[in-house]
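The block underneath contains the structure these notes are about, expressed in structure tokens.
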Amino acid sequence: MSSPLAAVSSAAEVSSPGPLWVQLVKAVVIFALVLQLAPTLVWLERRLLGRFQSRLGPNRVGPAGLLQPVADVIKLVSKESSTPTTAVPWMMAIAPVISIGTAVLTLAIIPFGAPGAYGGEFALAGIDVSIGILYFLAFGSLAFYGLLLGGWASGSKYSFLGSMRAAAQLVSYEVAIGLSLLGVAIAAGSLSLVDIVAAQDKVWFVVPQVVGFLIFLVAGFAEAARPPFDLPEADAELVAGYNTEFGGMRFGTFFLAEYLEIIVISAVAAAVFLGGWHGPGPEFLGPTWMFLKMAVLVLLFIWVRATVPRLRYDQLMSLGWKILLPLATLNVLVTATLVVLL
Amino acid sequence: MSSPLSVPYREREESVTLERLEAPLAGTEVEADAELLTINIGPHHPATHGVLRLLCTLEGEVVRDVVPLIGYVHTGIEKSCEDQQYWKAITFVERMDYLAYYFNAYAFCAAVERLLDEEVPPRAQYLRVIHMELNRIASHLFWLGTAALDLGAISMLWWSLRDRDMILDLFEMSGGQRLHTRYFQVGGVIEDIPPGFERKTRDFTANMRTRIGQYEALLDENQIFVERLHEVGIVPHERLKDLGVSGPLLRATGDSWDLRKAMPYCSYEHFDFRIPVGTVGDHYDRYRVRIAEMRESMRIVEQALDGLPEGPFITDNRKVALPPRHELATSMEALIYHFKLVTEGFRVPPGEVYEAIESPRGELGCFVVADGSSKPARVHMRDPSFINLQSLHDMAQDDLIADLIASIAMLDPILGGIDR
């Protein structure tokens, strides 16, 4: 294995994005396909929660309730977007856009198939950047600005408390998530997601990096503000947390952004730890494997929501700083030592 | 402190004492002039179990002061009872603590029976015990679901309501209604249990035992759930007694005070059951005590079904209880009694009585003053939710907001009972 430093410095060696028409097709496909996943996931979660909770879930609109998200969006769009008198209106308007924008932008770097799986030499990702993991971390952090600004700008005390919690959660879990990915980056010798997936052709990184995978999953739940880490919303405590004052499609945008965030976290975990497009069968089946692995992780998100209670604020902090961070640091140290020695 | 409502709350914000700051919660040390935030939790808030309003003074996430403000569902039930004949007032008192309607009805009926010096037939007493204990399970199930929901375990709500529905099916079978059945009458119960009730009840208790085991497996073996409750919201036993707190909250501290054992009523002395107690009186003990109480209640129900005596289900004193329907066609006397009871009601000799029973939330007392007419001169309920709510301040002060929500959940207040 070449030295990790050499691999990172040779950043220019990323696979070609392909000609302009290929880039356009990729953009449209990712947008059309993955953005449809968010409402589908909303439907799936509601149906599954219904099953978990011994009730039916939405089953009236369309076959098996599949059109329920469409009906919800139509309702939300037709609602008034009210703004409290104490709010900062323009910030309230841009906050949901930040949330959904960062989630969509992160999707651009997810590799869905091996380079050249459908002919040509380009990667089956929106863009293949040499700093893939940093890109993901950067936009993950930016996404919290949506929560922060939204909560702070609504001029409500509940929202304010929610955004304070979001800020604390971001600081606590960004570090752990970064360190958990660092182990993989060292082992693969690259920060590019395409290279990382390509490096897993023999063994998935979940095997050597199992600690990193678990830390990434736990921190990923926190990153997506999902139960048991849904403290920024905490419906029992803060009414709805940062989005208490948001109505209509502004709320809907936050809502969709949360589900896109789940998809992004699942996609990154599938690519970085679960071997991405690798699987039995010919290479063109790559995207299928990728989506299957994502689906498994997404189901885990839903399952956990139906099962566990919410952590308390101080417990969240001590889990992040006292358990995840030391573990992640240790994991990186051990990985780095092994890579240098072997 | 003057009434919290008489001073604008912005001013109150500055008058809140900070003396406890000398010993702040670990990890929350702040300067004494730290900014305080006053926040209204409720009356319309997802976690206040009705229309409870909490005026909270927060310092960051830490609750420094909490004042419960009540009265948002005050419906004047006690006053309305003074306008109703005794047998019509039962319908009113049932609507106070709307999750424990059999207990409300029993406390009132038993008080009136004591004033009338009326004997209740043994079968009626057993039927009352069966229904009250089923009601206790239903009430605790509702508490379990909402408390778990407040802690973020959303699925428990549907599961416990599913089981509560089976109890409501039983109530519908015996009394014709699911809520506010008005099954208890002065002198007995309104109707005997129908065929099939016993088998269905036994099916329920058998089923419920496995269900409780499943709930314990889900909650008790969840580290997050246990840590959220363990050693949180401890109020010393002495303080609870000073406040007059009773029921599971008191028993969680290790005090086995339960009126069913301490002052048996309604033939509770016939049954073999235990009083679950806790050790330190934290939220976890409160949770365990209520879960264990459900198991004991099922034992009582089964014993009552086993030993259900034959005989009348209501007193045959025609001056108090309506004559059977078939007698109206043949007996002139029955017709007269029926007419008198339905138009005027029965007269109760002058006197006053306080009847206390163990409701799911603690000591439920009913104080009735009779003036010799057919309407009570005064009806007052000592509702346990109202008294227990006083301990919220002690439970939640200097803890986090999340613990305040857990405290409300573990307090199990019913606003209909608090405001009456």
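Everything numeric in this text was worked out from a predicted model, so none of it was measured. Excluded from the calculations below are hydrogen atoms, water molecules and symmetry mates; all remaining heavy atoms, backbone and side chain alike, are included. Letters A, B, ... mirror the listed sequences (proteins, then strands); counts begin at 1.
- Put simply, CD1 on B:Ile401 and OH on A:Tyr313 are 10.0 Å apart, with the number rounded to the nearest 0.5 Å.
- Within the 4.5 angstrom heavy-atom criterion, atoms from both the backbone and the side chain of B:Ile41 approach chain A.
- At most 12 heavy atoms of other shown residues, nucleotides or ligands fall within 6.0 angstrom of atom CD in A:Glu80.
- Using a 4.5 Å cut-off between heavy atoms, A:Arg312 touches chain B through backbone and side chain atoms alike.
- Proximity to chain A is limited to the side chain of B:Leu218, based on heavy atoms less than 4.5 angstrom apart.
- The two residues A:Thr307 and B:Asn222 come nearest to each other via the heavy atoms O-ND2, 4.3 Å.
- Distance check, rounded to the nearest 0.5 Å: OG of B:Ser155 to CZ of A:Arg55 gives 8.5 Å.
- The distance from atom CD1 of B:Ile39 to atom OG of A:Ser156, rounded to the nearest 0.5 Å, is 7.0 Å.
- In the displayed structure, A:Trp152 atom CH2 is contacted under 6.0 Å by at most 12 heavy atoms of other residues, nucleotides or ligands.
- Summarising the geometry, atom CG belonging to B:Asp403 is positioned 7.0 Å from atom CG belonging to A:Asp314; distances are rounded to the nearest 0.5 Å.
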Q) Going through the distances and angles, do B:Arg228 and A:Arg310 end up as a side chain to side chain contact (heavy atoms under 4.5 Å, CB included)? A) CA-CA 9 Å; B:Arg228 281 292 305 272; A:Arg310 186 180 301 113; 4.3 Å; yes
Q: Check the pair A:Arg165, B:Glu61 against side chain to side chain contact (heavy atoms under 4.5 Å, CB included), reporting the backbone distance first and the verdict last.
A: CA-CA 9 Å; A:Arg165 285 178 172 194; B:Glu61 288 255 336; 2.6 Å; yes
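- Within a 6.0 Å radius of OH in A:Tyr145, other residues, nucleotides and ligands contribute 12 heavy atoms or fewer.
- Annotation for A:Gln53 and B:Trp159: closest pair CA-NE1, 3.6 Å, computed over non-hydrogen atoms.
- For B:Gln223, no part lies under 4.5 angstrom from a heavy atom of chain A.
- We find the CG-NZ distance between B:Asn40 and A:Lys157 to be 7.5 Å, quoted to the nearest 0.5 Å.
- Proximity to chain A (any heavy atom under 4.5 Å) is shown, for B:Val226, by neither the backbone nor the side chain.
- We find the CG-CD distance between A:Leu319 and B:Glu227 to be 9.5 Å, quoted to the nearest 0.5 Å.
- Around the CZ atom of A:Phe160, the shell of radius 6.0 Å holds no more than 12 heavy atoms that belong to other residues, nucleotides or ligands.
- Contact annotation for A:Pro227: neither backbone nor side-chain heavy atoms come within less than 4.5 Å of a heavy atom of chain B.
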